[in-house]
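For reference, the structure discussed in these notes is given below.
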Amino acid sequence: MKPVLEILEQRISDTLAKVSGLPNCPAVVRMATDPKFGDYQVNGVMAAAKQLKTNPRQFAEKLVAELKLDDICQAPEIAGPGFINLRLTPEFLANALMNIHRDANLGIEKTQAPQTVVVDYSGPNIAKQMHVGHLRSTIIGDCICRMLESLGHNVIRQNHIGDWGTQFGMLVQYLYQKTAAATNSSDPAAIEKALQNIHIADLEDFYQQAKKLDDEDEAFRSAARQRVVELHTGQNPLTLTLWRQIVNESRKHYLPIYQALHITLKAEDERGESFYADKLESVVKQLQDGSMAVESDGAVCVFPEGFTNKEGAPLPFIIQKSDGAFLYATTDLAAMRFRLKDLHANRIIYVTDARQALHFKMLFAVATMAGWADDSVKLEHVTFGTMLGTDGKPFKTRTGGTVKLAELLDEAIQRARDVVEQKNPELPEEKKAQIAAAVGIGAVKYSDYSNNRDSDYIFSFDKMLAMDGNTAPYMQYAYARIKSIERKAEGKDVNVQAELSSIAQIALTDPAEIDLAKHLIRYGQSIQNAAIECRPNYLTNYLYELSGAFSRFYNACPVLQTEGPIRAARLLLCDLTARTIRHGMSQLLGIDVPEQM
RNA sequence: GUCCCCGUAGCGCAAUGGAUAGCGCGUUGGCCUCCGAAGCCAAAGGUUACAGGUUCGACUCCUGUCGGGGACGCCA
């Protein structure tokens, strides 16, 4: 179903072009800013009148005389300096509602031009536990994927995990020493067996200790360096086994967290740094052959136009260090080339924090210089603000003391559990546990989604888990109340499904019914808006407004105390609201909506 | 020094160039013999940091200033 806004924009723009004779003059139809201005407003008249040097109100009258909208709207009204206010007819609204009612897809319009969109998000570091700093990329990226898919795009998820680099030489060597010492043997089979007992928490500890040894112990450092070489050449199977074990162990840590958060990333979406390790040389060579990369202070650099450093000199994008090693810039270029040439991406979305903005700007510039990306592909860096502590300072990354994601989620669930216990002590234990998980994790995700992603994010349990206002529990509560009505209906011998499927036409009379209906028919539009800008908070705003409209309806319009067509219409509104909330929360945000809470 | 983000009610935050800038918390006052009060209704609270500019119209776009954060040659 095409969004009403789009239909109006199209039709009015056509008429506007005809009446004005102006080639490029959009109608600019928007949601009305105030209910008293109707449902939609046309803002383009003033601009057109300006170009024609005519009085906007008079021009609006001319336009209105030519408009044919009576199948959608009541007679248009001209207001203010030259706005045209549009009000949907009850018939149109009722029909639109019936169409959505019959549509399993809730009226979400699939795109006419599906794209292949690569979304790069989450990217945890191997051998480290996920901490709060990973949360935003992971959940924002996931929502973007889900929204784009719901609109019919082909989304390719890429989890660019940090599974490669010199620190793995260190880690492998340390792990080797540790297991060799534990087994009192350097026999590969024995070491491999000892590895079974190594867990992510140990690995993290190992990392600290390995780093210390690397700083202090000459012999260790050279052994670690040898491991790096072996990783690259693959000549020592034991080194690769140790490395693989580290990655596997890490995966065992983060996949359950994805599962708890309802993140759609799968193991097969992993395309980490190691995947590109053997492609880095050719990236550098290609850029050198094209005379784009040049030697500078011993390093290989690209100097894209328009970037300068503190001294005003050209800013290098370093792709190979003076010691011959490659950097993350090189890996990102290799990934970019792979995504464009092998995955055939039309659009690539990188979901990382805003501090990397310059890096991505330069990356995009270099990819364009190299001729990999042209105007037909869209490269986007979807940024988000920094995770801050309540003291307003960023979380530390390399040391301990950061909040582990797993622990955060546990606490969120526990806090939600306390509320459930207080509100609904009579529920069975199993239900309480389900609800606590849905509410606790939902609250954490939702509080992030509902913020403008550009803002810095102050981490606070109390704020994340507050359950008033624009929060996940508000939507979950609205949903649970609808489900409760449905259960009550069965107790009163009302067959909800039969009644719903027998409805051929509905009439809406109460203002709260009409308002709710108007929200319901805007769902697809709201997803589009959120997806274009990659802004989940647009979607949460919509869901919050929808739930608000439902709560007012719920207060004003009893369902089961009525009967006949009025009850049927209200049941339909309830059912559609429930389906929309469930779809938005569960399908697009990955937040569970329990039947009871 | 250059560049990026932020600055909106006491606090936390919204607002696709449109009309009288919204919501939550907090404060004050209403609403459960009525489908779930994790709810609804109402009141109070604003020079959208500041100064210019573009525009018929600016929280939104442009320039500058101030304040906060961040990035800027071999980390990721």
Side-chain angles (χ1 to χ4, degrees), chain A residues 28 30-34 36-37 41 43-44 46-47 49-50 56 79-83 85 123 125 162 165-167 273 296-301 307-313 315-323 325 327-329 331-332 352-359 361-362 383-386 388 392-394 397-398 419-420 422-424 439 450-452 454-456 458 460 463 466-471 473-474 476-478 480-489 491-492 529 532-533 535 537-538 540-541 544-545 548 551-552 554-561 570 574 596-597:
Chain A
V28 197
R30 295 290 126 93
M31 294 297 304
T33 53
D34 191 301
K36 76 179 178 214
F37 299 137
Q41 60 184 47
N43 295 337
M46 280 86 81
K50 180 74 184 170
F83 295 102
N85 294 337
N125 293 321
T166 50
Q167 73 272 25
E273 293 170 357
S296 167
D297 291 342
V300 181
C301 305
F307 297 90
T308 54
N309 68 7
K310 299 171 212 176
E311 286 78 41
L315 190 63
F317 194 66
I318 304 176
I319 58 175
Q320 189 168 20
K321 303 202 295 186
S322 47
D323 67 0
L327 305 92
Y328 81 125
T331 308
D332 277 348
T352 80
D353 70 279
R355 287 176 297 189
Q356 298 184 51
L358 180 61
H359 167 72
K361 256 191 184 171
M362 296 184 79
T383 61
F384 51 83
T386 312
L388 304 174
K393 289 178 183 166
T397 48
R398 293 241 179 248
V419 179
V420 175
Q422 179 198 330
K423 301 272 181 190
N424 272 323
V439 171
S450 59
N451 270 7
N452 182 330
D454 291 321
S455 312
D456 284 345
I458 295 176
S460 152
K463 257 165 226 149
M467 293 176 188
D468 309 291
N470 186 7
T471 62
Y474 184 85
Q476 290 166 326
Y477 183 66
R481 290 208 291 193
I482 297 171
K483 290 295 145 183
S484 178
I485 291 175
E486 290 176 0
R487 284 193 298 272
K488 284 256 161 39
K492 288 182 141 193
N529 291 344
I532 289 167
E533 303 278 330
R535 293 193 182 275
N537 68 314
Y538 288 4
T540 60
N541 277 352
Y544 181 54
E545 281 171 18
S551 287
R552 289 186 289 276
Y554 181 91
N555 265 46
C557 303
V559 178
L560 298 176
Q561 286 153 36
R570 290 180 178 177
C574 285
Q596 286 175 272
M597 65 184 286

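None of the values given here were measured: they were computed from a predicted structure. Reckoned from all heavy atoms, side chains included, excluding hydrogens, waters and symmetry mates. Letters go in sequence order (proteins before strands), and every chain restarts at 1.
Taking the P atom of each, B:A51 and B:U60 are spaced 13 Å apart, rounded to whole Å. Taking atom P on both nucleotides, B:G22 is separated from B:C41 by 16 Å, rounded to a whole Å. Rounded to whole Å, the C1' atom of B:C59 lies 12 Å from the corresponding atom of B:A49. For the C1' atoms, the distance from B:G10 to B:G45 is 9 Å, rounded to whole Å. With both ends at atom C1', the span from B:U33 to B:A38 equals 23 Å, rounded to whole Å. Taking the C1' atoms as reference points, B:A15 lies 22 Å from B:G26, given to the whole Å. If you take atom C1' in B:G29 and the same atom in B:A44, they sit 11 Å apart, rounded to whole Å. The gap from the C1' atom of B:A9 to that of B:A43 amounts to 15 Å, rounded to the nearest Å.
A:Lys310 comes within contact range of at least one nucleobase, with a heavy-atom separation under 4.0 Å. Among the heavy atoms of the strands lying under 4.0 Å from A:Leu327 are primed sugar atoms or P, OP1, OP2 only; no base atom is included. Residue A:Ala325 is out of contact with every strand shown, counting any heavy-atom pair closer than 4.0 Å. Across all strands, A:Ala480 comes closer than 4.0 Å to base atoms (heavy-atom distances). Across all strands shown, A:Ser455 has heavy atoms under 4.0 Å from sugar-phosphate atoms exclusively, and none from any base. The residue A:Pro316 sits close to a base: some heavy atom pair falls under 4.0 Å. A:Glu273 comes within 4.0 angstrom of the backbone, heavy atoms only, and of no base. Across all strands shown, A:Cys557 has heavy atoms under 4.0 Å from base atoms, whether or not it also approaches the sugar-phosphate. Residue contacts for A:Gln596: at a heavy-atom cut-off of 4.0 Å it reaches a base atom on one of the strands shown. A:Asp297 comes within 4.0 angstrom of a nucleotide base, judged by non-hydrogen atoms across all strands. Within 4.0 Å (heavy atoms only), A:Ala79 reaches at least one base atom of the nucleic acid. Counting any heavy atom pair closer than 4.0 Å across all strands shown, A:Ala354 reaches no nucleic acid atom. The residue A:Asn529 sits apart from the nucleic acid: no heavy atom pair falls under 4.0 Å. Residue contacts for A:Asn452: at a heavy-atom cut-off of 4.0 Å it reaches the sugar-phosphate backbone alone, with no base atom in range.
The nearest whole Å value for the distance from the OH atom in A:Tyr474 to the P atom in B:G36 is 16 Å. Rounding to whole angstrom units, CG of residue A:Asp454 and C1' of B:U8 are separated by 16 Å. Note: CG (A:Asn125) to C1' (B:A76) measures 8 Å, nearest angstrom. Residue A:Glu311 contributes atom CD, which lies 14 Å from atom P of B:C72 at whole-angstrom precision.
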All N/O contacts under 3.5 Å from nucleotides 9-12 of chain B to the protein, with atom names and distances to one decimal?
none

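A:Arg30 CZ to A:Asn43 CG: the interatomic distance, rounded to the nearest 0.5 Å, is 7.0 Å. Rounding to the nearest 0.5 Å gives a distance of 4.5 Å between CG of A:Asp456 and OG1 of A:Thr386. Here the CG atom belonging to A:Asn451 is positioned 13.0 Å from the CZ atom belonging to A:Phe384, to the nearest 0.5 angstrom. Between the CG atom of A:Asp34 and the CD atom of A:Gln41 there is a distance of 9.5 Å, given to the nearest 0.5 Å. We find the NZ-CE distance between A:Lys483 and A:Met597 to be 15.0 Å, quoted to the nearest 0.5 Å. A distance of 7.5 Å separates NZ in A:Lys361 from CG in A:Leu358, rounded to the nearest 0.5 Å.
For B:C32, the base adopts the syn conformation, since its glycosidic angle falls within 90 degrees of zero. For B:G73, the O4'-C1' to base torsion is within 90° of 0; the nucleotide is therefore syn.
Side-chain proximity of A:Tyr544 to the nucleotides B:C3, B:G18, B:G24 is greatest for B:G24. If you check B:C4, B:A37, B:G70 against the side chain of A:Tyr554, the one that comes closest is B:A37. For A:Asn424, whose side chain is taken as the heavy atoms from C-beta onward, the closest listed nucleotide among B:A76, B:C5, B:G36 is B:G36. Here the nucleotide nearest the side chain of A:Ser296, chosen from B:G73, B:A19, B:G24, is B:G73. Out of B:C35, B:G18, B:A38, the shortest distance to the side chain of A:Val419 is found at B:A38. When the nucleotides B:G18, B:A71, B:A14 are ranked by their closest atom to the side chain of A:Leu358, B:A71 comes out on top. Side-chain atoms of A:Lys321 lie closest to B:C75 of the nucleotides B:U16, B:C41, B:C75. Taking only side-chain atoms of A:Asp468, from C-beta outward, the nucleotide of B:C25, B:G18, B:C34 with the closest atom is B:C25. Checking B:U20, B:C72, B:A19 against every side-chain atom of A:Lys36, the shortest atom distance belongs to B:U20.
Side chain of A:Lys492 to main chain of A:Leu560: a donor-acceptor pair is present (N/O by atom type, distance under 3.5 Å, no hydrogens or angles).
Side-chain atoms of A:Gln476 stay outside donor-acceptor range of the base of B:A38, with no qualifying N/O pair under 3.5 Å. Taking only distance into account, the side chain of A:Asn85 meets the base of B:A19 through a donor-acceptor pair shorter than 3.5 Å.
Figure legend. B:A15 is base-paired to no nucleotide; pairs are counted as Watson-Crick or G-U wobble with both atom distances under 3.5 Å. Across all strands shown, B:C32 has no partner, as no Watson-Crick or G-U wobble contact with both distances under 3.5 Å is found. Across all strands shown, the partner of B:C72 is B:G1, judged by Watson-Crick or G-U wobble contacts whose two distances both fall under 3.5 Å. Remark: B:C61 base-pairs with B:G53. Criterion, Watson-Crick or G-U wobble with two distances under 3.5 Å. With a cut-off of 3.5 Å on both pairing distances, the Watson-Crick or G-U wobble partner of B:G7 is B:C66. B:U47 is unpaired under the criterion used here, namely a Watson-Crick or G-U wobble arrangement in which both key atom distances are under 3.5 Å.
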*Show your working on side-chain contact (heavy atoms from CB on, under 4.5 Å) between A:His359 and A:Asp332 and close with a plain yes or no.*
CA-CA 10 Å; A:His359 167 72; A:Asp332 277 348; 2.7 Å; yes
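One finds no side-chain N or O of A:Ser551 lying less than 4.0 angstrom from the OP1 or OP2 phosphate oxygen of B:C41. An OP1 or OP2 oxygen of B:A19 is reached within less than 4.0 angstrom by a side-chain nitrogen or oxygen of A:Thr33. Applying the 4.0 Å criterion to OP1 and OP2 of B:A15, one finds that A:Asn537 has a side-chain N or O inside that range. Dashed line: the shortest gap from a side-chain N or O of A:Arg481 to OP1 or OP2 of B:A37 is under 4.0 Å.
Of the residues near RNA chain B, A:Tyr538 and A:Pro558, the one whose nearest nucleotide (by heavy atom distance) lies more toward the 5' end is A:Tyr538. With the nearest nucleotide of RNA chain B identified for both A:Ser450 and A:Arg552, A:Ser450 has the one nearer the 5' end.
Stacking here means ring centres nearer than 5.5 Å and ring planes tilted less than 30 degrees, and by that measure A:Tyr477 does not stack onto B:G36.
Closest non-hydrogen pair, A:Ile318 versus A:Cys301, comes out as CG1-SG, 3.9 Å.
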